[in-house]
Amino acid sequence: MADPIFFPFATSLDFGEVASISGSQLPAGADAARRVEGAAALEMAGPSDVAYMDNPKYTEALAATKAGLCLVSPRFADRVPAGTVALVSPAPYHAFAKVLARCFPSALRPESVFASQGVAPGAIVHATAVIEPGVTVDPGAVIGPGAEVGAGTVVASHAVIGPQVRIGRNCSIGAGSTIQSALIGNRVIIHPGARIGQDGFGFAMSPKGHMKVPQVGRVIIQDDVEIGANSCIDRGASRDTVIGEGTKIDNLVQIGHNCVIGRHCVICAQTGLAGSSTLEDFVVLGGQVGLAGHLTIGAGAQIAAQSGVAGDVPRGSRYGGYPAQPALAWARESALLKTLVAKRGRKSDSSAD
């Protein structure tokens, strides 16, 4: 069986071009015309590959790398082996990302799974839907009445775009995803299996049973948002659920009705936001964080993985634990508990003797 090439190397670059793209400077004596033909991890890279390093855990791999070119932060530059050209950058990962984007443009967003262009046979597009030129609709995709899809957008196989939905330009709608009651901006990436705009979890509870509350809001997704596979974003109940510009949402995230997510937030996998929570701009939630409803997480705050947040979090703060508290207090509490347990264990051992 042949080894498939999922992401072909679009163009080779010479060392001078890599330096220019990354905002770095070639060291004296380096051959600017030497070419890069691939990208790889430190331990796998060869003489024609570019690699990067900015984590002290990989100092041994850096010392042993065979990469032709390595983007590296200043503190590790002296550990680059003699056979590798060091491109020193204050942000090697960002620089590496720029190089990858030039060399592997097809990996920037999901493309047609059918390698098609235009509306493929087998796609179902309602007669009243508006599809701008340059839209790709794969076989099995459904676009409902009154929906509008902007130029350059790809709707992959078996995605379902509901009635009156608006999708901007140069978006990617992943295979098997569903979108309803939503307005989506430009350059939005929605990965396979995501669910956007379904009912929020709203019930008027009583001892006699629970009455369903109609959810009549929308989902508003602004420009440059990315939503991971199998994540769910519920539409608002009486107001909108909003995802702010540039926010990145990992796989398997649940966002409840009426939540408002600010600009450039990062929400890691398996996190859940109960209804009417607000994240201000540049908030980071680690994996498996749980937020109670009607909370506000202040701008720039960071919540450690597996934390349970039951109250508002001030802007710029660092919280962790269950229940979540300021990170320093959480660390002290954990250390004290560990000390107490160790003392109790020693006391028990002495009594047994």
Side-chain angles (χ1 to χ4, degrees), residues 1-27 29-55 58 61-73 76-77 79-118 120 134 136 138 152-157 169-175 187-192 224 226 228-229 248 250-251:
M1 183 178 294
D3 184 18
I5 304 299
F6 294 112
F7 300 104
F9 198 76
T11 180
S12 67
L13 301 170
D14 62 41
F15 281 20
E17 289 173 315
V18 174
S20 177
I21 293 167
S22 64
S24 306
Q25 186 171 357
L26 277 176
D31 182 3
R34 186 176 167 188
R35 302 200 71 79
V36 167
E37 305 288 348
L42 288 167
E43 65 275 15
M44 301 174 64
S48 62
D49 292 326
V50 59
Y52 85 98
M53 190 276 193
D54 66 351
N55 189 318
Y58 300 104
L62 175 64
T65 190
K66 300 295 191 297
L69 191 63
C70 185
L71 292 152
V72 63
S73 57
F76 299 120
R79 304 199 182 191
V80 176
T84 299
V85 174
L87 278 182
V88 179
S89 167
Y93 192 37
H94 286 78
F96 188 65
K98 291 178 181 179
V99 175
L100 287 182
R102 178 71 68 86
C103 296
F104 299 96
S106 64
L108 285 172
R109 66 169 188 160
E111 297 186 332
S112 166
V113 298
F114 199 63
S116 63
Q117 293 182 340
T136 295
D138 277 352
T153 289
V154 175
V155 182
S157 294
R169 293 173 175 162
N170 298 308
C171 296
S172 179
I173 311 302
R187 299 177 301 279
V188 172
I189 297 174
I190 297 175
H191 286 279
D224 300 304
E226 184 158 352
K248 312 303 181 187
D250 200 356
N251 303 332

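All heavy atoms count here, side chains included; hydrogens, waters and symmetry mates do not. We count residues from 1, following the sequence as given. The structure presented is a predicted model; accordingly, all values stated were derived computationally and were not measured.
Nearest heavy-atom pair across S116 and T136 is O-CG2, 3.4 Å. Contact record, S24 with L71: OG-CD2, 4.0 Å, taken as the closest heavy-atom pair. The minimum heavy-atom distance linking D49 with A39 is given by the pair OD1-N, 3.8 Å. Nearest heavy atoms, F7 versus S106: CD2-OG, 3.8 Å. Residue A10 comes nearest to P105 through the heavy atom pair CB-CD, 3.5 Å, listed as atom of the first residue, atom of the second, then distance. Across all non-hydrogen atoms, the minimal contact from A45 to A40 is CA-CB, 3.7 Å.
A distance-only check finds no donor-acceptor pair linking the side chain of D54 to the backbone of S73 [under 3.5 Å]. Not a single donor-acceptor pair under 3.5 Å links the side chain of K98 to the backbone N or O of V18. Side chain of T153 to main chain of C171: a donor-acceptor pair is present (N/O by atom type, distance under 3.5 Å, no hydrogens or angles). For the pair T84 (side chain) and A67 (backbone), a donor-acceptor distance under 3.5 Å is present. Side-chain N or O atoms of N251 include one that pairs as donor or acceptor with a backbone N or O of A229 at under 3.5 Å.
The distance from the CG atom of L100 to the CD1 atom of I21 is 10.5 Å, given to the nearest 0.5 Å. With values rounded to the nearest 0.5 angstrom, I190 atom CD1 is found 12.0 Å from R109 atom CZ. Distance check: Y58 OH to T65 OG1 gives 13.5 Å after rounding to the nearest 0.5 Å. For the atom pair CZ of F104 and OG1 of T11, the computed distance is 11.0 Å after rounding to the nearest 0.5 Å. Atoms CG and OG, from L13 and S22 in turn, are 10.5 Å apart once rounded to the nearest 0.5 Å. For the atom pair CG of L69 and CG of L87, the computed distance is 4.5 Å after rounding to the nearest 0.5 Å.
Heavy-atom neighbours of F96 CZ from other residues, nucleotides or ligands within 6.0 Å: above the threshold of 12. No more than 12 heavy atoms of other residues, nucleotides or ligands shown are found within 6.0 angstrom of NZ on K66. Annotation: R102, atom CZ; neighbour count of heavy atoms from other residues, nucleotides and ligands within 6.0 Å does not exceed 12. Atom CZ of F9 is surrounded by more than 12 heavy atoms from other residues, nucleotides or ligands within 6.0 Å.
Within the 4.5 Å cutoff, side-chain heavy atoms of H191 are placed close to those of P110. Considering only heavy atoms from C-beta on, D31 stays 4.5 Å or farther from F15 through its side chain. Side-chain contact check for C70 versus R79: every heavy-atom pair is 4.5 Å or farther apart.
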